[in-house]
There are 2 protein chains.
Amino acid sequence: MKLREFAQQLGLSPTTVSRALSGYPEVSEKTRKRVAEEATRLGYRPNINAVRLATGRAGAIGVVMGRSGEFHFSEFMGGLAERLGTEDIDILVSPMDDKNPTGEIQLYSRLAVSGRVDAVIVHSPEPNDERIALLHKLGMPFLVHGRSDIDVPHAWLDIDNEGAIRRATSHLIDLGHRRIAMINGRQGRTFSLHRDKGYRDALQARGIAFDPRLVAHGNFTDELGFRFARSFLEQTPRPTAFVAGSMMTALGIYRAARSMGLEIGREVSVIAHDDVFPYLTADNMVPSLSATRSSMRAAGARSADLVLQLLSGRPTEEVHELWPVELILRESTAPPQGA
Amino acid sequence: MKLREFAQQLGLSPTTVSRALSGYPEVSEKTRKRVAEEATRLGYRPNINAVRLATGRAGAIGVVMGRSGEFHFSEFMGGLAERLGTEDIDILVSPMDDKNPTGEIQLYSRLAVSGRVDAVIVHSPEPNDERIALLHKLGMPFLVHGRSDIDVPHAWLDIDNEGAIRRATSHLIDLGHRRIAMINGRQGRTFSLHRDKGYRDALQARGIAFDPRLVAHGNFTDELGFRFARSFLEQTPRPTAFVAGSMMTALGIYRAARSMGLEIGREVSVIAHDDVFPYLTADNMVPSLSATRSSMRAAGARSADLVLQLLSGRPTEEVHELWPVELILRESTAPPQGA
DNA sequence: TTGAAAGCGATACCAT
DNA sequence: ATGGTATCGCTTTCAA
């Protein structure tokens with residue numbers, strides 16, 4: 001059913017009906033109520049594409065999904081969707097070919113120019129991120145999940161990666177650890193750099209020399225956690241503690257230690273960063289895993305809020321949010337043996 | 001830039017330009033080429049919402065995401081996006097409130113009636129699935145990822161869950177296991193029922209009595225894997241083997257066995273279903289995990305194809321695809337002790 | 001092979 | 001508080 005027919009059935013003009021449904025103030029309460037009721041009864045729904053064309057708003061926000069199967073993606077999306085579900089705003093997922101970074105830039109242009117989204121969320125930014133420059137140039141509102149050093153104003157929501165890892169590392173040092181390995185995220189991402197910094201600062205504050213042979217970078221997979229941990233543990237002297245970038249990395253470290261007959265929480269300490277997943281919890285691991293923790297789902301939900309604010313005119317410069325990260329100590333951390 | 005302006009710059013009518021860009025046959029090759037080149041040069045892109053309104057097509061397909069943080073969701077989405085990226089079709093993600101099933105039905109109606117998507121993908125169907133009935137009634141094209149017994153024609157793509165679990169169970173029986181526990185997916189989903197059937201049939205074929213105390217249902221989480229495995233392993237006599245519904249479940253079972261001092265691959269055998277994740281691989285577990293395997297990402301990609309076929313008129317009854325599942329034996333399966 | 005003009009189904013300005 | 005109508009930017013029929 002279209003607006004015209006619906007309006008006719010009510011004996012009203014399309015204009016009034018449209019206004020009633022969109023919550024404009026100049027419609028009488030009585031009319032509004034009747035329109036709303038009849039709309040439900042007769043099943044009238046505005047054609048979304050006509051609305052979009054007429055208003056120039058897409059009623060959707062875009063998220064670009066990397067191919068490298070990040071497992072936190074669905075949690076972030078879940079939060080986003082949860083919050084946006086109450087608004088009448090769609091989430092558009094576009095694929096991005098990690099292997100072809102040029103393609104990504106084209107993708108963002110397409111998203112922006114074609115008018116299918118009102119705003120975009122950018123993930124895993126780099127210090128000098130082309131995407132941010134592009135979106136700014138195109139005048140497309142966007143929120144960065146993470147941060148960038150780029151000299152372009154951008155709204156962002158990030159967790160305090162630096163502080164989290166600094167605290168985690170400091171805690172290990174407090175326990176007496178001196179050889180602390182770090183398995184970080186992909187080289188070049190801002191969050192990896194921040195974590196590197198937190199790690200180095202903690203060491204430096206206690207006069208511990210930074211040893212590049214104890215630091216690795218890569219995707220957050222169980223496999224890399226295992227391989228890096230193995231190779232670190234084969235060094236002499238071996239590290240007595242690990243700082244891990246993700247839950248999956250931690251799984252790999254646990255396996256590596258176990259495969260070498262080392263007991264986690266006694267011979268090897270581990271602190272990982274936990275994005276909080278319903279299907280894999282630090283508390284349930286054996287031994288339970290000490291972790292820096294911040295909910296990815298909450299970040300998704302809050303991102304939705306911030307994008308909405310951006311769209312309703314809140315200035316970019318005001319939209320900066322840095323979340324503190326909890327440090328939760330469990331059984332996987334203890335003083336090094338002999339300490 | 002709008003079509004009108006662009007056409008003017010070329011000295012052509014909007015009509016011709018539109019036809020040229022949309023690949024209509026009646027445009028001269030020369031004109032088409034020129035239009036295409038200029039479009040790139042001047043950066044002209046049709047306003048997607050005007051196209052949608054004019055054609056009545058949404059240029060998007062909808063996916064409803066459950067809240068319960070399924071970790072395979074992003075893999076499926078990845079496959080979908082990968083395949084749809086080359087078409088000019090968007091993916092719309094809508095949140096669904098698991099706790100409020102009525103809401104889901106409303107959600108599907110909204111999706112269908114508002115015209116924001118041309119088709120929908122339905123996940124984790126039940127034998128008698130309301131959503132399928134609804135979409136059929138509304139005349140909205142849809143693909144079911146999984147199957148349903150409902151008496152309504154529906155296109156589907158599914159893996160052979162029954163066969164996979166039958167083979168897995170049979171293999172364990174062949175090895176000499178008699179007390180085989182099964183940690184299955186959520187009660188009531190078709191795939192869980194199929195897996196139940198595969199399990200029971202395998203037992204029955206070998207004259208082994210079905211013991212309901214060895215079967216559990218629930219979400220695919222590490223935690224449930226652990227808890228169910230613990231409670232099973234505390235029985236006397238305890239099961240000597242497990243069939244697990246997911247990788248996360250398997251992680252939980254590994255932990256449970258380990259926490260009780262039982263060695264996987266010797267005292268306890270495990271076969272899990274593996275949807276193939278980049279961040280957690282059966283081969284890398286210790287001991288490496290025997291698994292029935294089928295790529296979720298491939299299913300996503302193929303789903304995109306099938307939806308496209310549906311949209312280009314292929315009859316629903318023809319779109320049924322049942323994928324065989326590999327059984328890959330690794331170190332987590334062995335004859336029971338003393339056998 | 002090309003073009004003119006009538007939709008597509010809403011919104012929002014201008015009247016009343 | 002309500003209504004008439006131009007408008008959003010493209011597609012598509014019909015005519016040339």
Side-chain angles (χ1 to χ4, degrees), chain A residues 1-36 38-39 42-60 88-90 110-118 311, chain B residues 1-36 38-39 42-60 88-90 110-118 311:
Chain A
M1 178 162 28
K2 36 186 83 167
L3 178 57
R4 253 190 128 116
E5 299 162 23
F6 178 56
Q8 227 149 25
Q9 301 221 13
L10 293 186
L12 287 170
S13 75
T15 310
T16 303
V17 173
S18 169
R19 284 199 273 237
L21 255 23
S22 309
Y24 278 59
E26 60 264 61
V27 181
S28 81
E29 211 33 69
K30 199 178 116 198
T31 308
R32 182 193 311 289
K33 196 167 158 240
R34 189 162 72 93
V35 171
E38 291 296 282
L42 299 174
Y44 167 74
R45 290 217 166 261
N47 175 308
I48 192 74
N49 295 317
V51 174
R52 286 169 172 168
L53 179 57
T55 59
R57 271 175 267 118
D88 201 39
I89 297 202
D90 294 328
R110 255 191 41 200
L111 268 183
V113 179
S114 67
R116 50 190 97 207
V117 296
D118 296 317
L311 289 178
Chain B
M1 180 165 25
K2 35 187 86 167
L3 178 56
R4 251 190 131 116
E5 299 162 24
F6 178 55
Q8 226 150 25
Q9 301 220 13
L10 293 186
L12 287 170
S13 75
T15 313
T16 302
V17 173
S18 168
R19 285 199 273 238
L21 256 23
S22 310
Y24 278 58
E26 60 265 59
V27 181
S28 81
E29 210 35 67
K30 200 178 116 199
T31 308
R32 181 192 311 288
K33 196 167 157 237
R34 189 162 73 92
V35 171
E38 291 296 283
L42 300 174
Y44 168 74
R45 290 214 166 262
N47 175 309
I48 193 75
N49 295 318
V51 174
R52 286 168 173 172
L53 178 56
T55 59
R57 270 175 266 119
D88 201 40
I89 298 203
D90 295 327
R110 256 191 40 200
L111 268 182
V113 179
S114 67
R116 52 190 96 206
V117 297
D118 296 317
L311 290 179

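All figures in this text were calculated on a predicted structure; none of them were measured in a lab. Each chain gets a letter, A, B and so on, in the order the sequences are listed, and its residues count up from 1. Values reported hereafter were calculated over all heavy atoms of this structure, with side chains retained and with hydrogens, waters and symmetry mates removed.
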Under 4.0 angstrom, heavy atoms only, what part of the nucleic acid is [X] near: base, sugar-phosphate, or nothing?
X        : value
Phe6(A)  : nothing
Thr55(B) : sugar-phosphate
Arg52(B) : nothing
Ile48(A) : nothing
Thr15(B) : base

From [atom1] of [X] over to [atom2] of [N], roughly how many Å is that when rounded to an integer?
X        : N       : atom1 : atom2 : answer
Tyr24(A) : dG3(D)  : OH    : P     : 17 Å
Gln8(A)  : dG9(C)  : CD    : C1'   : 14 Å
Lys30(A) : dA1(D)  : NZ    : C1'   : 12 Å
Arg19(B) : dT13(D) : CZ    : C1'   : 10 Å
Asn49(B) : dA10(C) : CG    : P     : 14 Å
Leu53(B) : dC8(D)  : CG    : P     : 14 Å
Leu3(A)  : dT5(D)  : CG    : P     : 16 Å
Asn47(B) : dT7(D)  : CG    : P     : 17 Å

Do [X] and [Y] have side-chain heavy atoms sitting under 4.5 Å apart?
X        : Y         : value
Glu5(B)  : Tyr44(B)  : no
Arg57(A) : Leu311(A) : no
Glu38(B) : Gln9(B)   : no

(message) Judged by each residue's nearest nucleotide on DNA chain C, which is more toward the 5′ side, Pro14(B) or Pro25(B)?
(response)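 Going by which nucleotide is closer to the 5' end, it is Pro25(B).
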(message) Just N and O in the side chain of Ser13(B): are any of them under 4.0 Å from OP1 or OP2 of dT2(C)?
(response)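 No.
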(message) Nearest to the side chain of Thr16(B), heavy atoms from C-beta on, is which of dT11(D), dT2(C), dT11(C)?
(response)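 Of the candidates, dT2(C) comes closest.
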(request) Choose from dG9(C), dT2(C), dT2(D) the nucleotide whose nearest atom is closest to any side-chain atom of Glu26(B). (result)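 Of all the options, the side chain of Glu26(B) is nearest to dT2(C).
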(message) Around atom CZ of Arg4(B), are there more than 12 heavy atoms from other residues, nucleotides or ligands closer than 6.0 Å?
(response)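 No - once you tally the heavy atoms of other residues, nucleotides and ligands closer than 6.0 Å, there are 12 at most.
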(message) Tell me whether the side-chain N or O atoms of Arg45(B) pair up with the base of dG9(D) as donor and acceptor below 3.5 Å, since no angle test is needed here.
(response)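 In this structure, the two groups form no donor-acceptor pair.
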(request) Ignoring hydrogens and angles, tell me if any N or O in the side chain of Asn49(B) forms a donor-acceptor pair with the backbone of Asn49(A) under 3.5 Å. (result)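 No: the side chain of Asn49(B) does not pair with the backbone of Asn49(A).
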